Amino acid sequence: MFALVDCNNFYASCERLFRPDLRGQPIVVLSSGDGCVIARSNEAKALGIVMGEPYFKIKPLCHTQKVHIFSSNFTLYRDLSQRVMSIIEQAWAHTEIYSIDEAFLDLSTMEPILQEVFCQDLQKNILKCTGIPVSIGLGRSKTLAKISNFVAKRELKIPVFNIDNHLDWLKRIDVGEVWGIGRQWRKKLTCQGICTAYDLTQVDVHQLRRQFNVAVMWTALELKGISCLQLSDDTAPRKTILSSRSFSTMQTEFESLAQAVSMHSHIAYEKLREQGSLTHCVCVFLRTNRFREDLPQYEQSGSIRLIMPTDDVRLITQHAKACLRAIYKPGYSYKKAGVWLTELSDKSGYQFDLFQARCEEKLKTSANFLKVLDKINHRFGKHTLHLAALGFNNTWDAQFQFKSPAYTTRWTELPSVCNGT
DNA sequence: TCTGGGGTCCTAGGACCC
DNA sequence: TCTGGGGTCCTAGGACCC
């Protein structure tokens with residue numbers, strides 16, 4: 001048996017945690033640059049605000065209905081996520097942290113009779129210790145646990161549900177709600193009359209393998225209660241690292257794009273160092289605003305493959321700017337740029353170039369420099385020390401107009417408790 | 001006027017090898 | 001006119017997830 005713990009309206013719940021005055025009020029959390037809706041409280045859902053909707057389209061509704069708007073505050077969400085996850089891991093060792101707000105538990109070694117009670121206790125404990133409400137679904141496979149969670153949250157509105165003796169629910173679940181069936185597969189399946197999760201269990205799995213792919217076949221097997229996906233004990237480092245963002249206003253000049261690309265190089269560098277990897281390939285992309293059909297469109301990417309892998313922010317930035325130079329075309333209004341590091345390798349397996357003199361001295365100097373850079377930024381705040389290439393007073397960077405304080409991670413932004421006097 | 005960011009995996013096809 | 005069989009690796013593109 002598997003259990004899926006899923007935080008309810010996670011980002012909205014995080015925001016409400018430090019704003020008890022917002023209990024029962026509609027809350028919406030926006031994506032980077034206050035672009036789209038990425039989380040909604042139940043009250044906001046009830047107003048018909050849908051996921052992914054651009055903010056400007058719902059602005060009047062938010063105003064008349066007094067919806068509380070928040071910019072995304074990932075520092076806060078990450079911190080609260082870690083608290084929730086640590087409680088889960090303390091309660092049960094065989095756990096996979098699947099996303100910022102979800103964890104799978106493999107309960108197969110627990111007495112079946114204890115499983116539901118265990119989940120009910122866990123749900124109460126998480127709420128008590130963190131203030132974050134969660135729902136827990138149980139099932140014979142990860143996919144069934146997912147569906148079970150969906151039923152608990154959306155249909156029955158109860159904290160814990162075990163679908164094992166209630167598989168009739170599959171007949172009422174749209175096939176597009178099944179984990180692993182996205183928009184394209186849903187379209188293709190419904191064309192063939194496969195409209196519900198139950199329908200999918202009735203199709204020959206080899207036919208699914210042929211017509212779709214092996215993942216869809218596994219999904220169908222999992223719905224039948226045949227577990228194909230085990231917990232992934234994934235402490236493995238990322239295989240690619242990306243930093244990208246839309247601009248607050250469209251940019252035309254090379255210089256501001258170069259600043260943005262330098263900033264993304266810096267962010268990507270920090271992520272790279274954090275997991276102790278080196279990059280072999282630096283890729284840069286930029287694109288115009290695809291929603292502005294009245295403007296000429298351009299989208300391009302370029303990459304540089306390094307002879308020797310690096311984690312030096314100076315080299316990464318230098319190569320990223322060279323990529324940008326190669327793809328930049330004047331005369332366009334750019335909306336977004338990013339830096340993508342691929343072909344990552346572990347620092348311990350450093351491969352020297354056969355045809356160049358070994359340059360240990362140079363590497364040592366670089367390592368020392370980076371160590372100091374990291375140390376200073378760790379102690380005094382993320383962007384205390386950075387390359388001048390990032391520029392100052394960036395007007396192009398995304399705005400977070402409705403951002404809440406870093407309540408739990410910054411001394412100066414701790415919530416204050418007022419005694420009313 | 002205003003439309004997110006960051007990942008993974010699978011597959012088909014092409015290039016190459018003997 | 002007729003031209004094998006059995007592999008591996010790489011890449012781009014497409015699907016999915018949160």
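Below, chain A is the first sequence line, B the second, and so on; all start at residue 1. As the structure is a computational prediction, the values presented were derived from the model and not from experiment.
In plain terms, the two heavy atoms of A/V5 and A/L122 that are nearest each other are CG2-CD2, 4.1 Å.
When heavy atoms are screened at a 4.0 angstrom cut-off, A/K271 is found touching the sugar-phosphate backbone but no base atom. Residue contacts shown for A/F212 are absent, as no nucleic acid heavy atom lies under 4.0 Å away.
A salt bridge is defined here as a Lys NZ or Arg NE, NH1 or NH2 lying under 4.0 Å from an Asp or Glu carboxylate O, and A/K336 with A/E299 fails to meet this definition. Salt bridge absent: A/R140 and A/E222 never bring a charged side-chain N and a carboxylate O closer than 4.0 Å. Ion pair A/K146/A/E102 flagged as a salt bridge, since at least one NZ, NE, NH1 or NH2 atom sits closer than 4.0 Å to an Asp/Glu carboxylate oxygen.
Look at A/K335 and you won't find any side-chain N or O under 4.0 angstrom from OP1 or OP2 of B/dG4. Taking only side-chain nitrogens and oxygens, A/S244 comes nearer than 4.0 Å to OP1 or OP2 of B/dG6. When the side-chain nitrogen and oxygen atoms of A/S99 are compared with OP1 and OP2 of C/dC17, none of them lie within a distance under 4.0 Å. Contact between the side-chain N/O atoms of A/K336 and the OP1/OP2 oxygens of B/dG5 is found at a separation under 4.0 Å. In this model, the phosphate group of B/dG5 is not approached by any side-chain N or O of A/R245 to a distance below 4.0 Å at OP1 or OP2. Considering only side-chain N and O atoms, A/R78 lies nowhere under 4.0 angstrom from the phosphate OP1 or OP2 of B/dG6. Close to C/dC17, at under 4.0 Å from its OP1 or OP2, lies no side-chain N or O of A/K146.
In this structure, A/R19 is not positioned above the aromatic face of A/F70 in the sense of NZ or CZ being under 6.0 Å from the six-membered ring centre and within 45° of the axis. With A/F212 as the aromatic partner, A/K188 meets the cation-pi criteria of under 6.0 angstrom to the ring centre and within 45 degrees of the ring axis.
Contacts with DNA chain C (heavy atom under 4.0 Å) in residues 273-303 of chain A: none are found.
Atoms CD1 (A/I100) and C1' (B/dG6) sit 11 Å apart, rounded to a whole Å.
If you check the side chains of A/E89 and A/T95, you find no donor sitting under 3.5 Å from an acceptor.
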If you restrict it to nitrogen or oxygen atoms, what contacts under 3.5 Å exist between nucleotides 12-15 of chain C and the protein, and what is each distance?
none

Pairs under 3.5 Å (Watson-Crick or G-U), crossing ones as [ ], inter-strand ones as |: DNA chain B comes out as ....||||||||||||||

Run the numbers on A/E96 and A/K142 for salt bridge (Lys or Arg N to Asp or Glu O under 4.0 Å), then give the verdict.
CA-CA 11 Å; A/E96 171 192 350; A/K142 282 174 136 184; 2.7 Å; yes

